[in-house]
Amino acid sequence: GEDVEQSLFLSVREGDSSVINCTYTDSSSTYLYWYKQEPGAGLQLLTYIFSNMDMKQDQRLTVLLNKKDKHLSLRIADTQTGDSAIYFCAEGNAGNNRKLIWGLGTSLAVNP
Amino acid sequence: NAGVTQTPKFRVLKTGQSMTLLCAQDMNHEYMYWYRQDPGMGLRLIHYSVGEGTTAKGEVPDGYNVSRLKKQNFLLGLESAAPSQTSVYFCASSYAYEQYFGPGTRLTVT
């Protein structure tokens, strides 16, 4: 079946940039998402990118999509301690009843 | 506009007891989903609904039942709780592809 993979942990220093990577297998992906989960909370949609785009920027967030390699990344500029959370990558396609395929999440630790 | 709400926030059950988790959304979304989240397992889809009166199985449906009698509500039932159902349960809804999540219900089965 289709799969989404992420590295499980990332540690950065406050003020540095963070890059969280994700690979997926579904070549018919339509949308790719990044969600953020803070401790004890639900998942919050951070940003998304259509499969016909290469890049999307939204304030401190930059999403890069390499469709040929099925690789998605999320860059957080000037990472703050408030960015410490788990980040989930997810992909969806038109033929899947709006179901998303989820990665296991990357736990980002921001050190002062 | 409350978004997606879940009731209750916490619950402790004894093995064999039953309970219903309620999910409500006020965004008029057609699609609703129930997930469970366990350490190291990510999010796993239990059941989902593509509209009022419909339900379908996800990847881990055993031991759970659902109902979608009203468009805004999606109920998740455990008929006979087992310790393996100790988890955090999330409900989500969507109109297009992006899903909007509730705050979760933390369930412990002893």
Side-chain angles (χ1 to χ4, degrees), chain A residues 1-9 20 22-24 26 28-53 56 58 61 63 65 72 74 85-107, chain B residues 2-10 21 23-25 27 29-51 54-61 66 68 74 87-108:
Chain A
E2 306 304 344
D3 196 22
V4 173
E5 293 193 354
Q6 305 177 234
S7 52
L8 295 182
F9 301 100
I20 303 171
C22 169
T23 58
Y24 59 97
D26 186 0
S28 60
S29 290
T30 306
Y31 298 85
L32 294 127
Y33 296 92
W34 285 105
Y35 282 81
K36 177 183 180 182
Q37 185 181 31
E38 295 180 355
L43 279 74
Q44 171 194 353
L45 177 64
L46 265 185
T47 186
Y48 63 92
I49 189 167
F50 298 118
S51 58
N52 61 359
M53 297 169 64
K56 181 179 181 182
D58 184 1
L61 305 178
V63 179
L65 175 59
L72 182 73
L74 173 70
I86 301 175
Y87 291 81
F88 290 91
C89 171
E91 66 94 4
N93 69 67
N96 206 17
N97 270 328
R98 306 288 199 263
K99 289 184 290 182
L100 298 180
I101 309 298
W102 295 87
L104 293 184
T106 299
S107 181
Chain B
V4 180
T5 58
Q6 292 183 234
T7 311
K9 287 187 169 48
F10 302 93
L21 282 69
C23 175
Q25 52 97 2
M27 298 175 282
H29 287 169
E30 289 292 337
Y31 296 80
M32 296 187 75
Y33 312 83
W34 275 108
Y35 292 94
R36 59 179 290 173
Q37 185 178 34
D38 303 290
M41 304 289 285
L43 286 173
R44 292 184 290 169
L45 182 65
I46 304 171
H47 286 280
Y48 65 100
S49 168
V50 301
T54 76
T55 62
K57 293 180 181 179
E59 58 180 303
V60 288
V66 286
R68 183 102 182 265
F74 196 27
S87 187
V88 181
Y89 291 86
F90 288 102
C91 175
S93 70
S94 73
Y95 173 74
Y97 288 90
E98 54 270 23
Q99 294 181 11
Y100 296 88
F101 282 77
T105 294
R106 187 173 294 274
L107 176 66
T108 302

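Below, chain A is the first sequence line, B the second, and so on; all start at residue 1.
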*Asks:* By a 4.5 Å heavy-atom criterion (distance strictly below it), what part of B:Y95 contacts chain A: side chain, backbone, both, or neither?
*Replies:*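 When you check distances to chain A, only backbone atoms of B:Y95 fall under 4.5 Å.
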*Asks:* Please list, chain by chain and in numerical order, all residues satisfying ring-ring contact (aromatic ring centres under 6.0 Å, His included) with A:Y24, sequence neighbours excluded.
*Replies:*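 For A:Y24 there are no ring-ring contact (aromatic ring centres under 6.0 Å, His included) partners, ignoring immediate neighbours.
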*Asks:* Chain B: which of A:A41, A:A90, A:G40 shares the most heavy-atom pairs with it under 4.5 Å?
*Replies:*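 Option with the greatest count: A:A41.
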*Asks:* Would you say the side chains of B:Y33 and B:S49 form a donor-acceptor pair under 3.5 Å?
*Replies:*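 Note: B:Y33 and B:S49 side chains miss the donor-acceptor criterion.
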*Asks:* Under a 4.5 Å heavy-atom cut-off, does chain A meet the side chain of B:Q6, its backbone, both or neither?
*Replies:*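 Contact with chain A involves no heavy atom of B:Q6 at all.
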*Asks:* Any side-chain hydrogen bond (donor to acceptor under 3.5 Å, both in side chains) pairs touching residues 42-53 of chain A, not counting sequence neighbours?
*Replies:*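 Passing the test, one end in residues 42-53 of chain A: no pairs.
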*Asks:* Looking only at side chains, do B:S94 and B:Q99 share a donor and an acceptor under 3.5 Å apart?
*Replies:*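 Distance-only check fails for B:S94 and B:Q99.
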*Asks:* Which atoms of A:L43 are under 4.5 Å from chain B, going by heavy atoms: the side chain, the backbone, both sets, or neither?
*Replies:*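 A:L43 touches chain B through backbone and side-chain heavy atoms alike.
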